[in-house]
Amino acid sequence: MAASFHPEMARQPPAERPPTPPNGGKYKIAVCQVAVTSDKGSNIAHARSVIEAAADKGAQLIVLPEMWNCPYSNNSFPIYAEDIDAGFEASPSSAMLSEVACQKKVTIVGGSIPERSNGHLYNTCCVFDKDGHLKAKHRKVHLFDIDIPGKITFKESDTLTPGDSLTIVDTDVGRIGVGICYDIRFPELAMLYAARGVHIICYPGAFNMTTGPLHWELLQKARAVDNQIYVATCSPARDTSAGYIAWGHSTVVGPFGEIVATTEHEETTIIADIDYTEIDKRRLNMPIESQRRGDLYSLLDVTRHASK
Ligand SMILES: NC(=O)CC(=O)C(=O)O
């Protein structure tokens, strides 16, 4: 039975200080690089079985990819879109995530799906707690509009509207910041999340065959090492017959820039141990926050003292 959605709950700002994470800050994360088809019903059923399998292997935090219920294309977004705020009856993808989170008692960062709301379409990630409650909804704030002639041209803004807020959510597996794919290219977002005490940023994403080989891993490591936090990315599996071919290579990076777990492009689930005491350790080893020269440069709002 799906738990109901309370929009106000999702909008509550997090406390200034992150609560001490239970279990000493040690968790198992599963990043599910699922294959996506044009059949929404089978995508939902498949994602469910992959989540169940990950939970059965001990994962407590489970991440899905960007646009896991539909092909990644401007033609598909309006057709596959769901009205999440209208309740789970109007959103079978969210209903499934809520049910399986509650059934398996896991936190789910539910990749993203096209969301229809008040006449707009968004690229939206829902986060569910282990009781199946929708804790947060992140709408991709930086739309993927690029033009690399002869390689790739994509304009999400042809169909999608950007979100207008950041997403930080306190869960049983720590304080999570959410970004979607292109959001990873904007270091200010990650800095702000770190300033607010986020332990891990989850980026469901679907980089492509042009930018993926050069930028995907580099950006994840940069966000992690600059901010001394964990970063997890989750891509769909590669489908070479698709209009948009995803790079794959879902990864978990630690606060020293180390790859904790990664994969190639086929469908798979990677399960990794994360340990937030590593964040404190690395910040002691290399106290870049206190070494920052605020007298020479500053970014409005980006000071980690907000979380102290
Ligand atoms: N698909 C995206 O949003 C981003 C991407 O592929 C890139 O930044 O490159």
Side-chain angles (χ1 to χ4, degrees), residues 31-38 43 63-78 80-81 109-115 120-126 137-167 177-191 193 201-224 226 231-253 262-265:
V31 173
C32 304
Q33 184 165 292
V34 294
V36 177
T37 70
S38 57
N43 291 335
V63 188
L64 288 184
E66 181 177 31
M67 294 295 179
W68 59 268
N69 79 354
C70 72
Y72 187 85
S73 80
N74 277 314
N75 290 338
S76 300
F77 300 151
Y80 291 73
V109 175
S112 77
I113 62 167
E115 178 195 13
H120 295 285
L121 293 175
Y122 300 92
N123 185 338
T124 301
C125 174
C126 293
K137 224 168 50 149
H138 179 79
R139 291 171 169 165
K140 189 173 188 174
V141 290
H142 305 95
L143 294 185
F144 177 49
D145 284 1
I146 68 164
D147 183 20
I148 306 174
K151 295 287 184 185
I152 178 168
T153 300
F154 202 99
K155 204 163 173 226
E156 277 189 324
S157 64
D158 279 347
T159 54
L160 302 179
T161 300
D164 58 8
S165 54
L166 310 188
T167 305
V178 183
I180 299 177
C181 206
Y182 206 59
D183 286 339
I184 200 173
R185 291 188 179 272
F186 298 86
E188 298 88 342
L189 177 67
M191 284 180 84
Y193 282 167
I201 307 180
C202 294
Y203 292 102
F207 268 40
N208 53 80
M209 301 299 286
T210 301
T211 60
L214 282 169
H215 299 164
W216 175 246
E217 188 178 304
L218 176 72
L219 288 166
Q220 297 169 51
K221 287 183 163 181
R223 298 297 83 88
D226 277 355
V231 166
T233 59
C234 186
S235 168
R238 189 177 304 165
D239 172 2
T240 49
S241 69
Y244 180 95
I245 303 176
W247 172 239
H249 293 257
S250 302
T251 299
V252 179
V253 182
T262 191
T263 186
E264 297 285 329
H265 58 267

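Each ligand, and each atom within it, is numbered from 1 in the order the structure gives. Keep in mind it's a predicted model, so treat the numbers as computed, not measured.
- For the pair Ile113/Tyr80, no side-chain contact is recorded, criterion being any heavy-atom separation below 4.5 Å from C-beta on.
- Taking a 6.0 Å sphere around CG of Asp164, one finds it holds 12 or fewer heavy atoms contributed by other residues, nucleotides or ligands.
- Between Thr233 and Ser250, the shortest heavy-atom contact is O-CB, 3.4 Å.
- Here the protein heavy atom with the shortest distance to atom 5 (C) of ligand 1 is Phe144 CE1, 3.3 Å.
- The closest approach between a heavy atom of Tyr72 and any atom of ligand 1 is below 4.0 Å.
- Using a 4.0 Å cut-off between heavy atoms, His215 makes no contact with ligand 1 at all.
- Contact between Lys140 and ligand 1 is present, with at least one heavy atom of the residue lying under 4.0 Å from the ligand.
- Less than 4.0 angstrom separates some heavy atom of Tyr244 from each of these atoms of ligand 1: 1 (N), 6 (O).
- Using cut-offs of 30° and 60° on the angle between ring planes, the pair Phe186 and Tyr182 is perpendicular.
- Rounded to the nearest 0.5 angstrom, Asn74 CG and Lys155 NZ are separated by 9.5 Å.
- Here Trp216 has no heavy atoms under 4.0 Å from ligand 1, in either its backbone or its side chain.
- Nearest heavy atom pair, residue Ala237 against residue Ala246, reads O-CB, 4.4 Å.
- Atoms CG and OG, from Asn123 and Ser112 in turn, are 3.5 Å apart once rounded to the nearest 0.5 Å.
- Comparing Ile184, Asn208, Leu214 by heavy-atom distance to atom 6 (O) of ligand 1, the nearest is Asn208.
- Taking atom 4 (C) of ligand 1 as the reference point, the nearest protein heavy-atom neighbour is Cys181 SG, 3.2 Å.
- Near Ala206, the atoms of ligand 1 lying under 4.0 angstrom from a non-hydrogen atom of the residue are 1 (N), 6 (O).
- In summary, of the residues considered (Phe154, Trp247, Phe207), a ring-ring contact (aromatic ring centres under 6.0 Å, His included) with Tyr72 occurs for Phe154 alone.
- The distance from ligand 1 to the heavy atoms of Thr211 drops below 4.0 Å at these ligand atoms: 6 (O), 7 (C), 9 (O).
- Shown in contact with Arg185 at under 4.0 Å from a heavy atom are these atoms of ligand 1, numbered in order with element: 7 (C), 8 (O), 9 (O).
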